[in-house]
A.B. asks: 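This structure is in structure tokens; I'll ask about it shortly.
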Amino acid sequence: MKALDMKLKLDSKKYISILLIVLTLGSTAAYGLVQSFAWGSSSQAQTELPATSVVDYALTAAQKDYAVRLGRTVLEYRYALACSSCTQQKAYVEFFATKYSDQLILQEITDNSLQSSTLNALSYYGTRTAANPSQDQVFGLLCDMMVQPPVSCATR
């Protein structure tokens, strides 16, 4: 009889604790449900990066953002066709883009209005620009901007 007379006594602190547990479990379940349907991620699914690390066109803003979110560094090399030193610079930048194709995407843009070439870098660390870059400037720029720079950057 005494067992039947005992009632579970709940005070206000216990009600609040139970409410917080229910809210926590409910929000976790709701988050899982939202993620399983992938609501709001349709733009990422449609954004694709180029198949090669060197392209001769400008990437879209969405492609650049997506590449940076993946940890890549987006390079934009702008040069004039009449530029005599640009061939050597372009080859040097292409060398790095192909060697580190998992980290670099190079856009080669012809712009005849330029007096000298420019190299723009966009990565997780921000943006930097080098005008008429030498090999040392290109190497320094890549070492500073790449998320996982090569080991040779430690000895520069």
A.B. asks: Can you measure from CG (Asn112) to OH (Tyr79) and round to the nearest 0.5 angstrom?
C.D. replies: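 The OH atom of Tyr79 is 9.5 Å from CG of Asn112, to the nearest 0.5 Å.
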A.B. asks: If the condition is salt bridge (Lys or Arg N to Asp or Glu O under 4.0 Å), which residues does Asp111 pass it with, not counting sequence neighbours?
C.D. replies: Arg78
A.B. asks: For residues 93-107, which residue pairs qualify under side-chain hydrogen bond (donor to acceptor under 3.5 Å, both in side chains), counting only residues two or more places apart or in two chains?
C.D. replies: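 Every candidate side-chain hydrogen bond (donor to acceptor under 3.5 Å, both in side chains) pair involving residues 93-107 fails, so no pair, neighbours aside, qualifies.
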A.B. asks: List the residues meeting ring-ring contact (aromatic ring centres under 6.0 Å, His included) with Tyr92, not counting sequence neighbours, and say none if there are none.
C.D. replies: Phe96
A.B. asks: On a heavy-atom basis, which atom in Ala58 and which in Ile109 lie closest, and how many Å separate them?
C.D. replies: N-CD1, 3.5 Å
A.B. asks: Of all the heavy-atom pairs spanning Val68 and Ser123, show the shortest one and how long it is.
C.D. replies: CG1-C, 3.8 Å
A.B. asks: Can you tell me how far apart CG (Asp56) and CG (Leu106) are? Round to the nearest 0.5 Å.
C.D. replies: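 Rounded to the nearest 0.5 Å, the CG-CG separation comes to 10.0 Å.
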A.B. asks: Let me check something: any side-chain donor-acceptor pairs from residues 136-152 under 3.5 Å, sequence neighbours excluded? List them with distances.
C.D. replies:
from, atom 1, to, atom 2, distance (Å)
Gln137, OE1, Ser134, N, 2.8
Asp144, OD1, Arg156, NH2, 2.5
Asp144, OD2, Arg128, NH1, 2.6

A.B. asks: Can a donor-acceptor pair be found, under 3.5 Å and without considering hydrogens, that links the side chain of Asn120 to the backbone of Thr127?
C.D. replies: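 It does not hold such a pair.
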A.B. asks: Quick one: side-chain hydrogen bond (donor to acceptor under 3.5 Å, both in side chains) partners of Thr60, sequence neighbours excluded?
C.D. replies: Gln63
A.B. asks: Could you report the tightest heavy-atom contact between Ala62 and Thr47, atom names first, then the distance?
C.D. replies: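 So the minimum-distance heavy-atom pair works out to O-CG2, 3.6 Å.
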A.B. asks: Quick one: side-chain hydrogen bond (donor to acceptor under 3.5 Å, both in side chains) partners of Lys64, sequence neighbours excluded?
C.D. replies: none
A.B. asks: Do you see a donor-acceptor pair shorter than 3.5 Å between the side chains of Gln89 and Asn132?
C.D. replies: yes
A.B. asks: If you look at every heavy atom in Thr73 and Ala121, which pair is closest and at what distance?
C.D. replies: CG2-CB, 4.5 Å
